[in-house]
Amino acid sequence: MNGSEKSLQERIETHIAELERFTATPGRGTTRLTYSPQDLGARAYLKERMREYGLDVREDGFGNLFGKREGTIEGAPSVLIGSHFDSVPNGGAYDGPAGVIAGLEVARLFAENGTRHAYPLEVFALIEEEGARFPGGLMGSRAMLGVLSKEEFARQTDKDGVTTIEAMRAAGLDPSLPGRREQGSIKAYLELHIEQGPLLEDSGIPVGVVDAIVGLAQVQITVKGRAGHAGTTPMNRRSDALVAASRIVAQLPDAAEGEEESTVVTVGRLNVFPNGANVIPDRVVFTVDLRSGAEEHVRSVLAKTKELALAAAGDGIEVEIEDQLYIAPKRMDESVRALLREKSGALGIAHRPISSGAGHDAMIFADFTAAGMLFVPSRDGLSHCPEEWTDAAHIADAVRIFHEAARALTEAE
Ligand code: HGY
Ligand code: MN
Ligand code: MN
């Protein structure tokens with residue numbers, strides 16, 4: 001590696017290590033919830049790097065963070081490059097930050113080379129992609145593009161009933177700042193993300209050019225029964241919310257059976273109330289996350305899930321279902337994909353097409369602009385866990401590809 005290459009890889013490793021410090025679960029992975037002290041720590045680090053790399057720093061009314069390098073055309077739409085910087089509970093250090101860091105380092109190369117360009121380059125770091133604090137996920141991008149209205153955004157509450165606006169204010173962020181981003185202000189969208197699966201590593205290919213992202217739906221199911229004494233309530237006089245909820249959960253894998261093979265269904269979050277060892281549960285709240293590469297299968301499994309849940313009602317059991325997110329499968333922009341393939345090839349970096357089983361903010365942007373994604377390998381295909389790891393050399397590959405692509409996208413037509 002030549003000098004700047006080595007420093008690029010080392011800078012990437014430093015960024016990862018610095019951002020990794022901002023976790024609520026040190027030693028047990030990255031837990032960085034939106035608007036938390038960990039969010040603020042990471043945000044401050046990213047702002048410092050944006051300023052160091054000559055970018056104008058701005059936050060919007062949702063807490064999304066932007067670093068802009070103006071081009072020569074006044075008021076022209078931006079080429080956006082970045083990702084999200086929140087995490088799942090006890091997640092990894094690369095899911096999200098790898099993409100934000102790639103954006104930062106592309107901007108640094110523009111600055112280092114004194115690149116003159118017509119269209120602005122805008123590095124971004126979005127909030128609440130994971131939905132670990134507020135319902136649904138992809139919240140920063142949905143709010144920014146108006147898919148989630150400002151009113152709906154303001155109504156979102158976390159598990160303690162704290163609203164987004166209250167949480168922003170408590171974190172010293174300003175929800176009165178402009179939020180909605182006009183479609184005409186974005187020329188293209190680039191995002192690097194870790195693959196979060198085994199394909200690239202298994203194939204020995206360092207870069208994936210994403211062609212499509214699965215469709216996904218998330219619903220929250222609340223099962224209500226009747227609390228009672230675990231010792232004195234006969235079995236035939238119980239309306240046990242947890243037994244009813246467990247029967248629903250146990251049937252869900254069958255709901256995915258017979259659908260297209262990429263169809264998956266997951267119950268990742270389940271809370272029991274009042275959660276006493278000697279109390280019959282009177283309420284259980286859980287999420288169902290379901291995905292497929294083909295929309296008809298998303299719809300079919302969603303319908304089956306709701307049917308199963310509602311069939312559990314009766315004998316003192318009530319069931320409520322709340323739709324929290326629904327996104328059809330999305331294809332990445334063909335011209336951006338071709339550009340990424342061309343620049344990878346020109347740099348001699350092996351690449352392959354790859355589909356995403358994970359959801360990404362690119363799904364939201366794809367309806368508003370030309371969106372493209374690159375994947376880099378995840379060791380052992382692991383993600384959403386402390387073991388998540390990606391070689392900084394692969395992130396550096398993606399930076400070089402995006403640097404060439406961003407130069408092409410920001411130059412005058
Ligand atoms: O859930 C996902 O696929 C993404 O990690 N938010
Ligand atoms: Mn992610
Ligand atoms: Mn994730």
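Start at 1 and go down the list; that is how both ligands and their atoms are numbered.
Ion pairing between Glu334 and Arg337 holds under the 4.0 Å rule for side-chain N and carboxylate O. A salt bridge links Glu259 and Lys304; the closest N-O separation between the charged side-chain nitrogens and carboxylate oxygens is under 4.0 Å. Ion pairing between a basic and an acidic side chain is recognised when a charged N comes within 4.0 Å of a carboxylate O; Asp367 and Lys330 show such pairing. A salt bridge does not link Glu152 with Arg142: none of the charged nitrogens is closer than 4.0 Å to a carboxylate oxygen.
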One pair per line, please: each N/O atom of ligand 1 matched with every protein N/O atom under 3.5 Å away, atom names first, then the distance to 0.1 Å.
unit_1: ligand 1; atom_1: 1 (O); unit_2: Arg291; atom_2: NH2; d: 2.8
unit_1: ligand 1; atom_1: 3 (O); unit_2: Arg291; atom_2: NH1; d: 2.6
unit_1: ligand 1; atom_1: 3 (O); unit_2: Arg291; atom_2: NH2; d: 3.3
unit_1: ligand 1; atom_1: 3 (O); unit_2: Gly359; atom_2: N; d: 2.7
unit_1: ligand 1; atom_1: 5 (O); unit_2: Glu130; atom_2: OE1; d: 3.2
unit_1: ligand 1; atom_1: 5 (O); unit_2: His384; atom_2: NE2; d: 3.1
unit_1: ligand 1; atom_1: 6 (N); unit_2: Glu129; atom_2: OE1; d: 3.0
unit_1: ligand 1; atom_1: 6 (N); unit_2: Glu129; atom_2: OE2; d: 2.9
unit_1: ligand 1; atom_1: 6 (N); unit_2: Glu130; atom_2: OE1; d: 2.9

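Within the cation-pi definition used here (under 6.0 Å to the ring centroid, within 45° of the axis), Arg283 qualifies as a partner of Phe273.
Around the Mn ion (ligand 2), the protein atoms of type N, O or S that sit closer than 2.8 Å are His84 NE2, Asp95 OD1, His193 NE2.
Note on residues 140-188: pairs passing ring-ring contact (aromatic ring centres under 6.0 Å, His included), not counting sequence neighbours, are Phe62-Phe153. Here salt bridge (charged side-chain N to carboxylate O under 4.0 Å, His left out) pairs that include residues 118-136, with residues two or more places apart or in two chains, are Arg58-Glu122, Glu122-Arg181, Arg133-Asp158.
The backbone N or O of Ile101 lies less than 3.5 Å from no partner atom in the side chain of Arg49, so there is not a single donor-acceptor pair. Checking side-chain atoms of Arg32 against main-chain N and O of Phe22 turns up a donor-acceptor pair under 3.5 Å.
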